[in-house]
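Note that the coordinates shown come from a computational prediction; the quantities given were computed from them, not determined experimentally.
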Amino acid sequence: MTNEVTLPELGENLDSGDVVKVLVSVGDTITRDQPIVELETDKATLEVPSPTEGIVSRIAIAVGDTIKVGQTILVVESGSDSDSDSESESSDGAAHTAAPAAAGSAPAPAPAPGDVPVPETTVTAPAASAPAPASSPSSSSGSRIAPAAPSVRRLARELGVDIARVTGSGTGGRVSLVDVKRHVKAVMTGGVAATGGPVVEPLPDFAAWGPIERQRLSAIRRTVARHLSRAWTEIPHVTQHDKADVTGLEKLRTQYAPRVEAAGAKLTITAIVIKAVASVLDEYPQFNSSVDLAADELILKRYIHIGVAVDTPRGLLVPVLRDVDRKGITELSVELATLAARARARELSREEMQGGTFTITNLGGVGGTSFTPIVNHPEVAILGLSRSAQEPTFVNGEFQPRLMLPLSLSYDHRVIDGADAARFLRRIVEALEEPFTMAL
């Protein structure tokens with residue numbers, strides 16, 4: 001029996017991935033759940049397991065290919081046709097089961113021996129969660145089968161929405177939960193559902209003015225581009241700047257650094273800022289929220305999971321530190337170092353980059369005095385750190401050299417007003433200048 005193994009559902013708003021490694025060869029005998037290909041998609045690298053067993057007769061992909069959900073990965077030959085026959089009989093019924101000829105009717109002609117087809121079955125590799133079966137398009141309306149995750153299809157069914165009529169904002173028209181909610185709201189208000197994607201205009205022919213080189217965007221870069229385009233177009237950004245005098249904090253950091261190093265990590269300003277931000281988020285819960293325009297609601301999260309941007313050779317990754325408010329600085333330092341190392345080694349899972357409520361990005365190691373970070377949708381705020389520097393500061397009637405840390409807070413103006421943002425950032429400054437206040 002011949003089985004075609006195809007790429008399964010990869011998760012919410014994911015319909016393709018780049019092939020990093022092909023883990024089997026033609027002629028290999030594989031078992032069920034054995035990894036067969038390694039994919040890079042949406043910032044994470046994952047292995048696709050085989051849903052069947054047998055001998056690999058053909059590999060339909062190669063390293064560097066971008067493959068989509070449902071596309072054939074490889075072909076496997078198994079030793080028995082019984083499974084295929086039973087599946088065919090149960091699914092196709094009369095087409096594969098000889099029904100007794102009605103009285104007086106002519107029997108159907110038997111096929112010639114050379115016309116008997118070899119059974120061939122398409123097998124989809126198992127995903128993390130089994131996808132719901134796609135509903136058949138209506139023959140009367142001519143609707144399409146919309147690409148969507150099982151959770152999205154479930155919501156559409158619960159709301160009584162024909163998902164084929166929802167305009168998807170994801171790649172290839174993939175429908176998300178937000179798209180379904182936007183569609184429902186548009187129908188209820190008599191409006192037209194928004195497409196949710198930026199208009200892409202064709203570029204001029206740059207080769208007309210000189211030689212050019214085209215480089216294919218990696219899966220991570222494509223994901224970052226889509227995500228930031230959506231965040232920039234959907235969120236009205238405002239950025240607030242301030243500076244914290246971290247002269248005293250730097251002395252404390254140097255003093256307690258050996259204790260953290262003994263635990264296996266470095267005591268960095270980023271780890272300290274993470275703890276400071278957690279204490280301030282508890283005071284200003286609107287900065288730890290998401291806005292649901294489809295329901296006209298603000299979702300306040302009663303947990304504090306902070307994402308930290310990590311610069312890697314493949315692009316920017318944002319692993320998430322969970323329950324930051326319940327952990328000490330030493331524990332956060334160790335966890336941050338571990339996640340950063342996993343990010344650079346391409347070992348992060350999708351789960352380790354999901355569920356963040358606030359993001360911190362530190363460019364101090366590179367340089368700069370300030371910048372305007374883009375809010376990590378669906379969060380509502382992000383804090384940027386630039387390089388600290390000695391500056392003459394007027395203290396107690398005289399100028400003194402003080403170590404000043406530039407802070408840049410970008411926020412969603414639909415949720416946060418400028419005065420609240422200024423107070424929030426001032427409170428972070430106070431926490432860094434007087435660390436004891438974080439425990440009050």
Discussion item. Working note: L407 + I428, criterion side chain to side chain contact (heavy atoms under 4.5 Å, CB included); need CA distance, chi angles, decisive distance, verdict.
Written reply: CA-CA 9 Å; L407 304 172; I428 292 178; 4.2 Å; yes
Under 3.5 Å, is there a donor on one side chain and an acceptor on the other for [X] and [Y]?
X    : Y    : answer
T359 : E379 : yes
T239 : S410 : yes
K301 : S290 : yes

Heavy-atom pair of closest approach, residues [X] and [Y]:
X    : Y    : answer
V26  : S57  : CG1-O, 3.8 Å
A231 : I374 : CB-CG2, 4.0 Å
P51  : V5   : CD-CG1, 3.6 Å
P435 : L249 : CG-CD1, 3.8 Å
V291 : V380 : N-CG1, 4.4 Å
K275 : D325 : NZ-O, 3.3 Å

In the structure I gave you, are the side-chain heavy atoms of [X] and [Y] within less than 4.5 Å of one another anywhere?
X    : Y    : result
I382 : L409 : no
V161 : H183 : yes
S78  : N3   : yes
V224 : L228 : yes
V308 : V318 : no
R414 : L293 : yes
E47  : L23  : yes
L321 : V324 : yes

Would you check if the side chain of [X] reaches a backbone N or O of [Y] as a donor-acceptor pair within less than 3.5 Å?
X    : Y    : result
N288 : P285 : no
E352 : S349 : yes
H305 : D323 : yes
H413 : I416 : yes
T2   : E77  : no
D412 : I235 : no
D65  : A62  : yes
T72  : L74  : no
S176 : D179 : yes
T268 : A271 : yes

So, are [X] and [Y] salt-bridged, with charged N and O less than 4.0 Å apart?
X    : Y    : result
E335 : R322 : no
E261 : K266 : no
R314 : E40  : yes

Got a second to check how far [X]'s [atom1] is from [Y]'s [atom2], nearest 0.5 Å?
X    : Y    : atom1 : atom2 : answer
D311 : L317 : CG    : CG    : 9.0 Å
L155 : L177 : CG    : CG    : 6.0 Å
L281 : Q286 : CG    : CD    : 9.5 Å
H237 : Y411 : NE2   : OH    : 11.5 Å
D282 : Y284 : CG    : OH    : 12.0 Å
D28  : I36  : CG    : CD1   : 11.5 Å

Worksheet item: Just wondering, more than 12 heavy atoms not from R326 lying within 6.0 Å of its CZ?
Response: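 12 or below, so no.
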Discussion item. If you count every heavy atom of other residues, nucleotides or ligands that lies below 6.0 Å from R259 atom CZ, does the total exceed 12?
Written reply: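 Atom CZ in R259 is not packed in, count stays at 12 or less.
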Practice prompt. Over 60° means perpendicular and under 30° means parallel, so classify the ring planes of W209 and F206, tilted if in between.
Written response: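 Rings of F206 and W209: tilted, 30 to 60°.
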Discussion item. Would V175 and I163 count as a side chain to side chain contact (heavy atoms under 4.5 Å, CB included) here? Give the steps.
Written reply: CA-CA 8 Å; V175 179; I163 199 169; 4.3 Å; yes
Worksheet item: Given L425 and L383, is the side chain to side chain contact (heavy atoms under 4.5 Å, CB included) satisfied, shown in steps?
Response: CA-CA 9 Å; L425 195 52; L383 179 66; 3.8 Å; yes
Worksheet item: Can I304 and F358 be said to form a side chain to side chain contact (heavy atoms under 4.5 Å, CB included), step by step?
Response: CA-CA 8 Å; I304 298 178; F358 189 97; over 6 Å; no
